[in-house]
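This one's a predicted model, so the numbers in the text were calculated from it and none came from an experiment. Computation of the quantities below employed the complete heavy-atom set of this structure, encompassing side-chain atoms and omitting hydrogens, waters and symmetry-equivalent molecules.
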Amino acid sequence: MTHADIVYELAEVNIARLKFPLDSPGLKDFVDALDPVNADADAADGFVWRLQSDGGDATDIQVFGDEWLIINMSVWRDANALTAYMYQGRHREMLARRREWFERVQEAMVAMWWVPAGHRPTVAEAESRLLHLRTNGPTPYAFTLRTSFPAQGAQPVALEVPDGLGCPA
């Protein structure tokens, strides 16, 4: 199989710094919405996989050794499938309320990268991609929706993201 024959899927990770403990009243709406939002993702066109523990979500999976950070990681057919899910329905409602639940953080908290079809990224891989993006900006190794790259890592591809919903450039 040559490089050109490999089929790629889009991996994404997003992390967030909690304002309150997960079991606090301040995060009740967020926690209550996790199962329905994850079910929407599982049923979405182009969804491939998401990171989850035995509890069905990823809230108890640690990232960067920080108990105040939570991680969400998934794999999608492509950026169009991911954005179609992100900016509609319950997930859009969650995005609109994110400042109620999560701290505003300057460094990149969202990264994307291409994986060979069937690959399931690890938390360590996600941490590496986020750190690379923070250090180098968008590259084929780790990029954002605003500055993405095709699977072969050629020139960046511009993608329109609604104002106030995307990740910072």
Side-chain angles (χ1 to χ4, degrees), residues 1-17 34-66 69-92 94-95 98 102 105 107-162 165-169:
M1 181 181 288
T2 67
H3 182 75
D5 296 330
I6 297 173
V7 175
Y8 289 92
E9 295 167 334
L10 184 68
E12 73 77 30
V13 62
N14 63 83
I15 62 174
R17 179 169 298 284
L34 278 174
D35 286 344
V37 168
N38 284 335
D40 290 348
D42 294 348
D45 180 51
F47 171 83
V48 176
W49 170 88
R50 69 181 164 86
L51 178 68
Q52 55 185 308
S53 66
D54 293 338
D57 61 45
T59 56
D60 57 350
I61 298 174
Q62 201 164 81
V63 59
F64 290 120
D66 185 335
L69 289 175
I70 60 171
I71 184 171
N72 175 285
M73 184 164 52
S74 55
V75 175
W76 294 80
R77 180 183 57 229
D78 54 32
N80 290 336
L82 173 60
T83 55
Y85 164 72
M86 284 176 59
Y87 299 125
Q88 68 180 356
R90 277 186 279 245
H91 190 271
R92 184 185 181 105
M94 299 283 282
L95 275 177
R98 69 191 182 279
F102 307 118
V105 178
E107 64 262 26
M109 301 290 273
V110 177
M112 283 166 247
W113 66 100
W114 294 101
V115 296
H119 176 73
R120 301 299 174 247
T122 64
V123 172
E125 189 177 337
E127 291 171 338
S128 169
R129 303 288 177 153
L130 276 166
L131 292 173
H132 183 89
L133 180 61
R134 289 173 180 181
T135 303
N136 302 291
T139 68
Y141 185 78
F143 49 86
T144 66
L145 275 177
R146 288 192 191 279
T147 308
S148 64
F149 290 80
Q152 287 70 32
Q155 296 302 309
V157 176
L159 183 67
E160 285 301 313
V161 178
L165 287 179
C167 48

Visitor: Using every non-hydrogen atom in the two residues, find where V110 and M112 come nearest and quote the distance to one decimal.
Guide: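 V110 and M112 have their closest heavy atoms at CG1-CE, 4.2 Å.
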
Visitor: Where do R50 and G56 come nearest, in terms of heavy atoms and distance?
Guide: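 Closest approach of R50 to G56, heavy atoms only: NH1-O, 2.7 Å.
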
Visitor: Does a salt bridge link R77 with D45, judged by any charged N lying under 4.0 Å from a carboxylate O?
Guide: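 Salt bridge flag = yes for D45 with R77.
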
Visitor: Treating S53 as the side-chain partner and D57 as the backbone partner, does any N or O pair qualify as donor plus acceptor under 3.5 Å?
Guide: yes

Visitor: Judged by modelled atom types alone, do E9 and W49 share a side-chain donor-acceptor pair under 3.5 Å?
Guide: no

Visitor: Taking the six-membered ring for Trp, are W76 and F47 closer than 6.0 Å centroid to centroid?
Guide: yes

Visitor: Could you grab the distance from atom CZ of F143 to atom CZ of R129, nearest 0.5 Å is fine?
Guide: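 The CZ atom of F143 sits 9.0 Å away from the CZ atom of R129.
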
Visitor: Is the shortest heavy-atom distance from the side chain of V63 to the side chain of M73 under 4.5 Å?
Guide: no

Visitor: I need the L51 CG to R120 CZ distance, nearest 0.5 Å.
Guide: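 One finds 11.5 Å between CG of L51 and CZ of R120.
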
Visitor: What are the two closest heavy atoms between I15 and R134, and how far apart are they?
Guide: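 In terms of heavy atoms, the two residues are closest at CD1-NH2, 3.7 Å.
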
Visitor: Going from CG on L34 to CD1 on I70, what distance comes out if it is rounded to the nearest 0.5 angstrom?
Guide: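 So the gap between those two atoms works out to 7.0 Å.
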
Visitor: Any heavy-atom pair between the side chains of M86 and L145 that's under 4.5 Å?
Guide: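 Side chain of L145 against side chain of M86, heavy atoms only: contact under 4.5 Å found.
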
Visitor: Rounded to the nearest 0.5 Å, what separation is found between the CZ atom of R90 and the CG atom of L95?
Guide: 14.0 Å

Visitor: Which heavy atom of M109 sits nearest a heavy atom of R17, and at what distance?
Guide: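 That closest heavy-atom pairing would be CE-N, 3.9 Å.
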
Visitor: Got a sec, which residues hit ring-ring contact (aromatic ring centres under 6.0 Å, His included) with F102, two or more places apart in sequence or on another chain?
Guide: F30

Visitor: Looking only at heavy atoms, what is the nearest atom pair of P121 and A11, with distance?
Guide: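 Closest heavy-atom pair between P121 and A11: CG-CB, 4.0 Å.
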
Visitor: Side-chain contact, heavy-atom cut-off 4.5 Å: V115 with Y8?
Guide: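 No, every pair of side-chain atoms sits at 4.5 Å or beyond.
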
Visitor: For residues L133 and A142, report the shortest heavy-atom separation together with the two atoms involved.
Guide: CD1-O, 3.5 Å

